[in-house]
Each structure stands twice: as C-alpha cells, then as structure tokens.
Visitor: 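Here's a structure for you.
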Amino acid sequence: MTELLQIKAVTKRFGGLVAVNNVSFAVREREILSVIGPNGAGKSTLFKLISSFLSPTSGEVLFRGQRISGLAPHIVARKGVVRTFQETTIFKSMTVRDNVIIAHHLRSNATLAGFYLGTNTARRDEAEFGRSADEIIDFLDLGAQRHEIASTLPHGHLRALGIAIGLATNPTVLLLDEPFAGMNHDETVRAVEMVRGVRKRGVTVLLVEHDMPAVMNISDRIVVLNFGVKIAEGTPKEIQENEKVIEAYLGAEDETIGF
Amino acid sequence: MKRTRNILAVAVFLLVVLIGVPWLIEATGRLDLYYTLTSVALLSIASAGVWVTFYIGRINIGQGAFALMGGYVSAILVVQYGVSFWLTLPLAGLFCAAASVLIGLPILRLRGVYFAMVTLVLTEVARLLALALPITNGAKGMVSIPLPGGISIFGLTILPDFATLANPRPAFYLVSVVLMVLCFAGLYRLVHSRIGKLCQSLQQNEELASSIGVNIAYLRVIAYAISSFLGGLGGAMFVAISQSIYPSSFTVTDSVNFMLNCFLGGLSYVFGPMIGTFVLYFGWDFLFETGEFQLLIFSSVLIALMLFLPNGLLSLRLFGKKQG
Ligand SMILES: Nc1ncnc2c1ncn2[C@@H]1O[C@H](COP(=O)(O)OP(=O)(O)OP(=O)(O)O)[C@@H](O)[C@H]1O
Ligand SMILES: [Mg+2]
C-alpha cells in the first residue's frame, strides 16, 4: 500500500493556543482512517489543515508527494482532497438533486462561457452530471428526497446529502467530519455501510467521529489526538488497549472507548 | 409547454413595448411619456447589474459609480475623440467591467454590511473623481454632446442619424427598450445556465462552494464585472439622451434606488429589477401631487412592501412562475 497523504510535523497556533501540535502520520491508499479525541482536541482543525482551509503555522501536508499546504481550497479539491463539514453544511435553498449536480463542478470539461452558450461539451457535461447525480442519490438512498429543498430534510438525510456532495466531486480522499453525529442507532448502522460503500468506490476516507462503536467497527486504523498532540496510532484493537488512550478518555466512562 | 408559454409571454411583451406603447403615446399625445419610459428602461438595465451582485450574495449600493463612469467614458470618446456613440456604448460597459475587476478583487472579500458600505463610498469617490479630473471638465460637466449618428451596413440604414430626426425621443425609446430586452435576455440565460447555479452556490455557502472546487474569487469578480458592465451601459445611454453629464448625474441616491428596485421587484426573479424600476419610478412621480409628504409616503409604502412582500412584487406571481 502506498502512502497517499503525508501529514508532516503539522502545527497550528491560534494566538497562544496550540490547536494542533507537531502531528505526523500517513494515510494509505483506500483505507478508512479515523481521527478521534476528546472535544477540542484539534480534530476539525487538522481536517481544515489537510484540506487547506487553514495554513499550518509550521509543517506541511503532502498529497502524492506534492505539498498541498498553502494552496487555495478549491485547488486542493481539484487535486482530489475534499472535505465535508462538521455542521450540516449544504446549499439550503436548492433541491437535493441540484445540490449534488452543482457539486460535480470539478468534473466539467466545458468552460463558463461554454455553459453560457450551451455548447455541445457543456450539454454533454450537464447530461453526465445529471446521470451521475442520480446514481449517487440512489447509492445513498436519497431517491425519495430527490426533488425536495435541502433545508427541509431531516437530520440523517442531511448527513447523507453532505456525503453525496463530497462524492460528486469524485474525490481521491474524502474527509468526513462527524458524519454520524446526531444519528440514532439504526441511522448510524446505515451510515457506516454508506461509508464502507464509499471506500468500495475506491475513495480513501478520513473520518472524525465521536461514536466509538462505529469508529471501532469501520476503521482500518485510528489516530488519537489529545490537546492537539498525537498520542497514539494503530488498529482499533491496538487503540483500545493503549494505555495513553485509555488515560485520555478516563475522564469519561470506560464504555466510551469500548464497544 | 412551458417553453411555448415563455415564447408567447416574450412575444406579447415585445408587441406591447415596441408597438402598443408608442401607439398609445401618439394617440393620447402624452409625448413626455417617451422620456419617462426610456428612463425606466435604462435604469432597469443598471438595476439588473445590481441584481447580479445580489445573486452572489452581495449587497451593492455602488452602481451609481459605474453608471457615472460609463457616462463619462462615452461622452469623452464622443466629444474628444469623435468616436461613434454606438461604438462607445459597449466600450463604456467594458471599461466599467475592467475597472470593477480592479476594484472588486480586494473588496469582494468583504461580506454583508462591510461590502455594502464600501460600495456606498464608491459612488461618492466617483463623483469626487469626476470633479477633480481634468478630462471630465470638473463641476461644469460636459454639455452639448452630439446626438448619436446613424448606423448603416452595406448601404442599408439600420439606425438613422438621430440629429436628422424631428423628434429623437421615440427613437431613443425604441433603442433603449431593445437594449433592455437584450440585457434581460442575456441575464435570463445566465441565470438558467449552470453559471446561475454556481452563483447561487456562492450566495448560499461560499465555504462549501470552494470545498467542491469552485473558484469563488474568480466567480465573484466575473459577477461583479457583469454588474458593472450593465451599469456602464445604462449610464452611457442616459448621457446620449440628456446630451450632458455632470459629476452629480448619478449620486448616492441613484445607487440606493438601483438597489431598492431589485428589492422591490424581488431578488429571486430575473425580471425583478425591471418591474421594481417601473413601479418605483412611477410610484415616485405619482406621489408628486402630495407635495411635501411625497418622501414620507413613499418611504412608508416601501417599508410596508418589504415587510409584507419580502420576496418582492414578483412573488405575487402576476407573470406566472418565473422562478430565477
Ligand atoms: N479559528 C479559530 N480561532 C481560534 N481558536 C480556534 C479556531 N478554531 C479552533 N480553535 C480552537 O482550537 C481547538 C481545537 O478545535 P477543533 O475544532 O479542532 O476541535 P475538535 O477536536 O474538532 O473538537 P470537537 O470534537 O468539539 O469538534 C479548540 O480549543 C478551539 O477552540
Ligand atoms: Mg470538530
């Protein structure tokens, strides 16, 4: 397995606060890697650093050996590293289908002028986006909501739509920030399957999640952050047995880390 | 089905404005209406520009600056360089678009009130520039600008020389209405193409838009350039009709009105600025009778309208479902 992403000694300071402190790890092709840690550990900040919504104070992120830190987020997305948001972030007043169609932006062959004039390339793009959007919508079980305005969807469907938007960009690496938050047991089970399905499509998945049973179940490997510092890295089994991790979570109940 | 209805609506609209209105004006002898309606057409073009910036989620109170800029560009080219007015018309638009790229690059990072405030200042800056620059002839303005010449292709007269017409007003009316129709047709296409969806994505969530790979800075600048192009076009045409331009030809009040026109017509409808301009312009004139209470009544009605019809007059769906 090759290393797709390398996070190299990345540090992010917000004034006096070190949100991410000298964190290094690598992400392999087609794995599901989860980043866990208590609230405020720096997980979301790490994701923003990887997707280049933030620039690291020091250190760098490499994608396929090339530095992506410091590039504009849309350029990093173009390279294949795409982030979805912790909050349910969608285009609220568009329909589900339009949300997914618009997210195909990176796959356009036509230029803006081409879309304006309705050239053949543009029309082929539009047809392809529509077809692909429908496929993604069905894949994520959103078929019945296809023509609903996104803001009217219930929570679980919003998360699915967030993932659909991510998938539509045809990412190499998809960063999902708390995709299971606010879901009940059944919804989570379905969402876990969804994420597995995403990986089956050849996508490497990076996950931030607090739902420990789900994380242990789905992850190939886990990275643990505490106060911005990486305290452990390994398979779910290794993480569950790791002293430091248990200590970090000791404030909470033991169950949080178990099944 | 929907297509047929749209074509029909456009045909009726064209018949009314190009034939019906002139016929009515001639029949009733209200020749002053030519000027009024021409103004509405041109102001609605400038308002349409403001609408485009609304469409990417920016409140633009600076369109007066570009109307003024377009007016001066055209006037200077006509008077000092003897360029045909019809050529200066697109040139004025393009000049404004280019200027707006330079202005927009830094200021389009701002959102909400901050962007609105900066654009408001822009109108004032444009006025002060017009006062100060030697080429604009300062406070004295530029007067007696020659009327537009004719256009002919292969000996075929497309537009007559306006100076030879006994009364150029009907001609100005027709040209302005055609210009308006072309601008709105262009805008309609924009909104209904993928670009419209991209603009909406900016309006709804810029961060998400950039995470799906949209170059938001680029798209914002393009939208602002289109907006300013329309402002310059409207301004240039206005100057040709009044044959004069002063630093006070377009002021902060005009900028505010352009924005109100959009609000009033409806921000989610392409034709909102057209309806808004029409209603606002005639509403204002209509209230002239009330003398000193004009502004008070006018403002109260506006506030009431915005409270009760937050999505603008077109949300009444008088014209069918023209969802932008
Ligand atoms: N833009 C910012 N400016 C200042 N401080 C920030 C900023 N973003 C995050 N922080 C701080 O950095 C720390 C890490 O935040 P982050 O959002 O990365 O945590 P997290 O691990 O995602 O937490 P949660 O599990 O609650 O989502 C927190 O103390 C937070 O307050
Ligand atoms: Mg977080």
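Note that the structure is predicted; figures quoted are calculated from it, not measured. Below, read A as the first sequence line, B as the second, and so on, with proteins coming before strands; counting in each chain starts at 1. No hydrogens, no waters, no symmetry mates; every other heavy atom, side chains included, goes into these values.
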Visitor: Determine whether B/Pro273 and B/Val50 make a side-chain contact, defined as any pair of heavy atoms from C-beta on separated by less than 4.5 Å.
Guide: no
Visitor: Heavy-atom pairs under 4.5 Å with chain B - which of A/Val82, A/Val76, A/Asp98 has more of them than the others?
Guide: A/Asp98
Visitor: Can you tell me which of A/Ile165, A/Ile75, A/Leu112 forms the most heavy-atom pairs within a distance under 4.5 Å of chain B?
Guide: A/Leu112
Visitor: Side chain, backbone, both or neither: which part of A/Leu117 has a non-hydrogen atom closer than 4.5 Å to chain B?
Guide: backbone
Visitor: Are A/Glu209 and A/Arg159 close enough for a salt bridge, meaning some N to O gap below 4.0 Å?
Guide: no
Visitor: Using the six-membered ring of A/Phe139, assess whether NZ or CZ of A/Arg201 lies under 6.0 Å from its centre and within 45 degrees of the ring axis.
Guide: yes
Visitor: Let me know if A/Ser51 has heavy atoms under 4.5 Å from chain B in its side chain, its backbone, both or neither.
Guide: neither
Visitor: Are A/Arg97 and A/Asp134 within salt-bridge range, i.e. N to O under 4.0 Å?
Guide: yes
Visitor: If you count heavy-atom pairs within less than 4.5 Å of chain A, which of B/Ser193, B/Ser201, B/Gly186 leads?
Guide: B/Ser201
Visitor: Hey, are B/Arg58 and B/Glu206 close enough for a salt bridge, meaning a charged N less than 4.0 Å from a carboxylate O?
Guide: yes
Visitor: Return the option, out of A/His104, A/Arg78, A/Met94, with the maximum number of heavy-atom pairs under 4.5 Å with chain B.
Guide: A/Met94
